[in-house]
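One structure is given below, encoded as structure tokens.
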Amino acid sequence: MEYNFKQIETKWQKRWQEQKTYRVEVDESRPKFYVLDMFPYPSGAGLHVGHPLGYIASDIYSRYKRLCGFNVLHPMGYDAFGLPAEQYAIQTGQHPAVTTEQNIARYREQMDKIGFCYDWEREVRTCEPEYYKWTQWAFLKMYDHYYSNLTCKAEPIAELVAHFAQKGTEGVDAACTTPQNFTADEWAAMSEEQKEGVLQNYRLAYRADTMVNWCPQLGTVLANDEVKDGLSVRGGYPVEQKRMKQWSLRVTAYAQRMLDGMDSLQWSESLKEIQRNWIGRSEGAQMFFDIKDSERKLEIFTTRPDTIYGVTFMVIAPEHEWVEELTTEEQRAAVEDYIAQTKKRSERERIAETHRVSGVKTGSYAINPFTGKAIPIYVSDYVLAGYGTGAIMAVPAHDSRDYAFARHFGLDIVPVVEGGNIEVESYDAKAGKMINSDILNGMDVKEAIPMMFAEVEKRGLGKKVINYRLRDAIFSRQRYWGEPFPVYYKGEVAYPLTEEELPLELPPIENFGPTEQGEPPLARVAEWKSKEGYPLELSTMPGFAGSSAYYLRYMDPHNGEALVGKRENEYWRQVDLYIGGIEHATGHLMYSRFWNMFLYDLGYVCESEPFKKLVNQGMIQGRSNFVYRIVGTNKFVSLGLKNDYQTQEIHVDVNIVKNDQLDTEAFRKWRPEFADAEFILEDGKYICGWAIEKMSKSMFNVVNPDHIVENYGADTLRMYEMFLGPLEQSKPWDTNGIDGVHKFLRKLWRLFYDREGAFTLNNEEPTPAELKTLHKTIKKIREDIENFSFNTSISAFMICLNELGACHKRAILEPLTVLIAPFAPHIAEELWEAMGHAETIFDAAYPVCEEQYLKESAFEYPVMVNGKLRFKQNYSLKMTPAEIQSDIVQTEGAQKWLEGKAPKKIIVVPGKIINIVI
RNA sequence: GCGGAUAUGGUGUAAUUGGUAGCCACGUCAGACUUAGGAUCUGAUGCCGAGAGGCGUGGGGGUUCGAGUCCCUUUAUCCGCACCA
């Protein structure tokens, strides 16, 4: 009997499903392990071969952990709300719920063929009311809380209201949009609308008039992580800055905690670095500069207070609220003109023209508090309104942007730190000796910075502050296909629905475009009203809303009373291993952490971080194939001969090419225009050219996993995807080479069955050499799985079979079958059953994956590897220098070095010293 | 500009973590069995050289008895952030 993967895989997939092999329950008697994949957005194109890479890795790890005795939670679901389904609906009128349903069915079918061990009873879909009820619930909780900097956690807004009633803003230290200042009497005198206006400054989910990223083509606002280089990440449409009233989440409140929390996470350094960068913490001084002939003080932010003696001018952003006030009559026309010009430039132009120097004098002067000198104040768009205070003190000698500006306008450049060549460029480094700086002269920059922080506070000029680049997340989208906000309006004032009214279900509509008045699609629904008849919010929540807490819902997916039950949460706690793409670094992975920390503050979850360990799988690129048509003919020339002709390169479907050799018959059938194609062959073959490109339909390089499963089986696909290279590395998909892995599985099969189909296993005692091979393999593979080095573990399997040769001994092959089960579960199950086991491997307990077995497999004697003698572990030997000289040491240099020394330990390979410890 | 990562045969990669570079595969070549092979099996295969031998981990330099691995420098590619004061 030959290895019939089709039959085997169908059989076991069916059996796993029938027996609910992968169903998991809370079981306090066993240790838990939670392995999670980033759930997919079910697009219309289906899965290509790159998508399951991470799923296969997590599946292997889950199965391995299960074999080690852990109770493994390994769920899957769908991130089903989103733009593409809605764009498709606008074009075709087909309801997104319908297309989403179809796409999900297709995804499920494709995933099932690969043989994953998901507990499908825990599936979640973000677009279902039972699920998004909890997204809306979390939003209401955020609406109902503020962030206290005193307790460093979220607190009920009611407590803040009580405080205002008693003491006004006195003693309040909370994360807010605009700091407030009022007394208890003033609070009492406010109208309900005014009070709500104040509270919006504090709520963690709030509605405010802010500058937003507006994308006209998509007809919606976007969060910062959804915009790149002034274009929308989805679709690549231009994005402009616009002032709009929008819902936002106060993620900035958690900036410091997100930064601190990172220390305890097992994430890659690069990913942590991206998040640190995105949060962008910087320590600096907030300082006040007197304005000449005015009572006002201009507030600035600087990280370099040490350079204050080098300040020769000030700059404010064009959007700064004092621009008008600071502008003198003579300058008014020029300033207004400049601001009008800046407004005209789009965000994209502004980014593109980063190094263009522009600006204009306000005519006002500030007083340097340390030198008493009057310095001019400019307006320029190189200062951003959104960062710091929107105003800076300019130190041209030590900041390259200030330097460029000073050069352009002929302003003074006063060096205050020794170093660099001030004639040519600014000296920005935070190192060197202070000069021209009165009290600081002679100090090093590193001493001068803290000294100035103290000095600024002592003189009452300002204080030390911490600034973050992180912005609050804009939370509304002028779209249909998302979670509705559980909020209604009386006039301008927003009121939350009660928890009992959740879920607020998305009403069915037929026309998905914006209304004629430019309102979101929900405006078309006449009955989109609260119980009392007040209008409900028209926009919906963004894509990241539904994905922010889905890992919690998997713990207890059918709970109607809570997002997650206490017992379930305390058992599963957090995701132990999360596998997914790095593209979510500043989006989903930030929002999830924020969302989780908030729920942690309120006591709904027991861990402050959602994802303990995170592995980023690399991207799978496409490998395109080309044929070469001789210009003006329908003749195609093979790669090696193409230089003899004038040819045109044409993409050819990679599915009709094998090992770069074209199936010419299939090519003729591929497209009508090639039906009578002729070929110039080399060695009787047509060889195609190739290139690495993005995997996409237009390049004809999309490889469908279904095809691979059809031709080679799921086990081969799983192993080959892992064999391709290190998990975290991006690499092109190349079907060439898959034979090697397939051959390995056939070879494995033949150890159990001979050509006639007879079962060949016997109960003979293994030889020491066979045992050593087995133990070596067990050790190596366990280590490799723990390190996510799946490619090398597959190599180890291959070496093992090569070494075993035609060994049909049960004592060797039984543990090996268990070991291989995480990688190739179908064939392993089949062989396991053939050996007489009634249970599936994953229900059986077998000692291969127990610690004690690992210890037994360690050995310290030399082994033959590839015909060469190698030491598995360093071989230690105590010798005197005399012995070394007589027996071992051969190199002259080593002898010289050893003279007069008494080595304690010498590590050798035959004939040579490899390590000497004195 | 700042930060991070990577660089090894024709190809994907490996290297006991400072100790005989190229494991395991793909591909190629030769052979066996075959009516046939895009099946199976065996062997060879880093480069140059007929050979002895020499060279070899992007380039240059250093530390070391010994460097793919550590340090300095440089180049190329990829990724993230970017008038963030």
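Being a predicted model, the structure only gives us computed values, none of them experimental. Just so it is clear: chains get the letters A, B, ... in the order the sequence lines come, proteins before strands, and each one is counted from 1.
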Expected label for B/rG9 (glycosidic angle, syn inside 90° of 0, else anti) would be syn

Tell me yes or no: between the side chains of A/N625 and A/N701, is some donor less than 3.5 Å from an acceptor? no

Here the distance between atom P of B/rA85 and atom CZ of A/F289, to the nearest Å, is 17 Å

Hits for side chain to side chain contact (heavy atoms under 4.5 Å, CB included) against A/V417, two or more places apart or cross-chain, chain-then-number order -> A/R304, A/H398, A/Y427, A/M434, A/V445

Taken to the nearest whole Å, CD/A/Q275 to P/B/rC81 is 12 Å

note: A/Y720, atom OH; B/rC24, atom C1'; distance rounded to Å ~ 13 Å

From the candidates B/rA85, B/rC26, B/rC81, the one with an atom nearest any side-chain atom of A/N736 is B/rC26

| query | C1' atom, B/rG3 versus B/rG12: distance in rounded Å? | reply | 30 Å

Any protein N or O atoms within reach of nucleotides 37-44 of chain B? Criterion: under 3.5 Å, listing atom names and distances.
from	atom 1	to	atom 2	distance (Å)
B/rU40	OP1	A/R746	NH2	2.1
B/rU40	O2'	A/R755	NH2	3.4

Problem - Separation between the C1' atoms of B/rU74 and B/rA7, rounded to whole Å - result: 14 Å

With syn defined as a glycosidic angle within 90 degrees of 0 and anti as anything else, the base of B/rU16 is anti

Check your understanding: Which part of the nucleic acid, if any, lies within reach of A/P732 when heavy atoms closer than 4.0 Å are counted: base, sugar-phosphate only, or nothing?
Key -> nothing

Is the ring pair A/F405/A/F409 parallel, tilted or perpendicular, if the boundaries are 30 and 60 degrees? tilted

query: Rounding to the closest angstrom, what is the interatomic distance between B/rA76 and B/rG58 at atom C1'?
result: 8 Å

B/rU20 and B/rA15, which share atom name C1', separated by this distance in whole Å
12 Å

At 4.0 Å (heavy atoms only), tell me whether A/D402 reaches a base, stays on the sugar-phosphate, or touches nothing.
nothing

Would you tabulate the pairs of protein nitrogen or oxygen atoms and nucleotide nitrogen or oxygen atoms of nucleotides 1-5 of chain B closer than 3.5 angstrom?
none

Residues at least two apart in sequence or cross-chain that pass side chain to side chain donor-acceptor pair (under 3.5 Å) with A/K743, listed by chain then number, are none

Rounded P spacing from B/rC71 to B/rU64 in Å: 16 Å

*asked:* Distance to the ring centre below 6.0 angstrom and angle to the axis at most 45 degrees; does that hold for A/R593 and A/W278?
replied: no

From CG of A/L298 across to P of B/rA85 the rounded distance in Å is 18 Å

Separation of B/rA85 atom P from A/Y387 atom OH, nearest Å, is 4 Å

Do A/S789 and A/T792 get their side chains close enough for a donor-acceptor pair, meaning under 3.5 Å?
yes

### Task
Could you give the distance separating B/rG49 and B/rG43 at their P atoms, to the nearest angstrom?
28 Å

Here the salt bridge (Lys or Arg N to Asp or Glu O under 4.0 Å) pairs for residues 268-281 of chain A, sequence neighbours left out, are A/E269-A/R276, A/E273-A/R276, A/R281-A/E283

What distance, rounded to whole Å, do you find between the two C1' atoms, one in B/rG18 and one in B/rG68? 11 Å

Sequence neighbours excluded, the answer for side chain to side chain contact (heavy atoms under 4.5 Å, CB included) partners of A/E299 is A/Q286, A/F288, A/T389

- For the residue pair A/F313 and A/Y378, categorise the inter-ring angle as parallel (less than 30°), tilted (30 to 60°) or perpendicular (more than 60°). perpendicular

Picking from B/rA14, B/rA85, B/rC24, the nucleotide nearest the side-chain atoms of A/I392 would be B/rA85

Checking B/rA14, B/rC81, B/rA85 against the side chain of A/W278 (C-beta onward), the nearest is B/rC81

inquiry  = Under 4.0 Å, heavy atoms only, any strand: does A/F744 hit a base, just the sugar-phosphate, or nothing?
reply    = nothing

What is the nucleic acid contact for A/I799, judged by heavy atoms within less than 4.0 Å: base, sugar-phosphate only, or nothing?
sugar-phosphate

Could you tell me how the ring of A/F790 sits relative to the ring of A/F788: parallel (under 30°), tilted (30 to 60°) or perpendicular (over 60°)?
-> perpendicular

Requested in this report: Determine the interatomic distance between C1' on B/rG80 and the same-named atom on B/rU28; round to the nearest Å.
Outcome: 41 Å

A/L727 atom CG is separated from B/rA14 atom P, nearest whole Å, by 12 Å

Ring-plane angle category for A/F679 and A/F667, please: parallel below 30°, perpendicular beyond 60°, tilted otherwise. perpendicular

note: A/M287, atom CE; B/rA85, atom P; distance rounded to Å ~ 16 Å

From CZ of A/F723 across to P of B/rU11 the rounded distance in Å is 16 Å

### Message
Mind checking if A/N802 touches a base, just sugar-phosphate, or nothing, with heavy atoms under 4.0 Å?
### Response
sugar-phosphate

